[in-house]
Asker: 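This structure is in structure tokens; I'll ask about it shortly.
Count residues from 1 along the sequence.
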Amino acid sequence: MEKAGDSMLKEVQKCATSAKMDYSKLSGCYNDKTLALSLQKAAAAATPADHQYVPWVVVNGKKSKSDGDKILAEVCNAYTGTKPAACSQYLDESDKRCYVDSTA
């Protein structure tokens, strides 16, 4: 998109169309000055004070140690329920248990 330069809005329209999004609703966000200001205020209110760059990934209210590079591992390790199979490769060493065979 950065390469689009002056034709950015045309690129946004193409992107919205390919994503099956209603471009008229999207354009309404930036064409309506009152709505645009409202959205800016809402975004500012939802942004943590220590936010410094993007992506700013948060897991359980804490900033990601990997900035999202290892998001699946971080989410799997933070998840307290029964871990889905996809998480098995991301378990912390403390989560890996070796059980004694009680049938021996």
Side-chain angles (χ1 to χ4, degrees):
M1 297 267 302
E2 289 82 10
K3 294 178 183 177
D6 292 335
S7 63
M8 180 67 75
L9 293 180
K10 289 180 184 176
E11 295 300 317
V12 170
Q13 189 168 7
K14 287 180 193 175
C15 184
T17 301
S18 70
K20 296 181 178 32
M21 297 175 75
D22 184 348
Y23 177 73
S24 65
K25 289 182 181 180
L26 293 173
S27 63
C29 289
Y30 63 82
N31 286 330
D32 181 326
K33 301 239 184 271
T34 303
L35 181 55
L37 182 59
S38 174
L39 290 170
Q40 287 175 347
K41 286 180 179 179
T47 302
D50 59 346
H51 183 272
Q52 299 171 7
Y53 49 86
V54 292
W56 192 261
V57 180
V58 177
V59 178
N60 282 350
K62 297 178 184 171
K63 186 183 163 307
S64 162
K65 294 176 185 172
S66 73
D67 288 329
D69 291 338
K70 298 178 182 176
I71 190 67
L72 186 55
E74 290 181 63
V75 170
C76 286
N77 286 318
Y79 186 66
T80 58
T82 302
K83 311 263 189 206
C87 287
S88 63
Q89 62 185 318
Y90 299 108
L91 294 176
D92 280 337
E93 288 301 315
S94 61
D95 291 338
K96 295 181 181 174
R97 295 178 179 91
C98 183
Y99 294 96
V100 175
D101 184 359
S102 61
T103 61

Asker: Sequence neighbours excluded, which residues qualify as side chain to side chain contact (heavy atoms under 4.5 Å, CB included) partners of Tyr79?
Answerer: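 Side chain to side chain contact (heavy atoms under 4.5 Å, CB included) check on Tyr79 returns Lys83, Pro84.
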
Asker: Does the Gln13 side chain pair with the main chain of Tyr23, one donor and one acceptor, at a distance under 3.5 Å?
Answerer: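 A pair under 3.5 Å: no.
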
Asker: Nearest heavy-atom pair of Ser24 and Asp22: which atoms, and what distance?
Answerer: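 Minimum heavy-atom contact is OG-OD1, 2.6 Å.
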
Asker: What is the distance from atom SG of Cys15 to atom CE of Met21, rounded to the nearest 0.5 Å?
Answerer: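 So the SG of Cys15 and the CE of Met21 are separated by 8.0 Å.
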
Asker: Distance-only check: which donor-acceptor pairs under 3.5 Å involve side-chain atoms of residues 44-52, not counting sequence neighbours?
Answerer:
residue : atom : partner : partner atom : Å
Thr47   : OG1  : Ala43   : O            : 2.6
His51   : NE2  : Tyr53   : O            : 3.2

Asker: Got a sec: does the NZ of Lys63 have more than 12 other heavy atoms crowding it under 6.0 Å?
Answerer: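 Yes.
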
Asker: Are Val59 and Ile71 side-chain neighbours, meaning at least one heavy-atom pair lies under 4.5 Å?
Answerer: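 Side chain of Val59 against side chain of Ile71, heavy atoms only: contact under 4.5 Å found.
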
Asker: What is the minimum heavy-atom distance between Glu74 and Lys65, and which atoms define it?
Answerer: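 So the minimum-distance heavy-atom pair works out to OE1-N, 3.3 Å.
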
Asker: Taking all heavy atoms of Leu35 and all of Asp32, pick out the closest pair and write down the distance.
Answerer: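 For Leu35 and Asp32, the tightest heavy-atom pair comes out as N-OD1, 3.0 Å.
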
Asker: For Ser27, is there any backbone N or O sitting under 3.5 Å from a side-chain donor or acceptor partner on Asn31?
Answerer: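 The answer is yes, because a donor-acceptor pair under 3.5 Å joins these two groups.
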
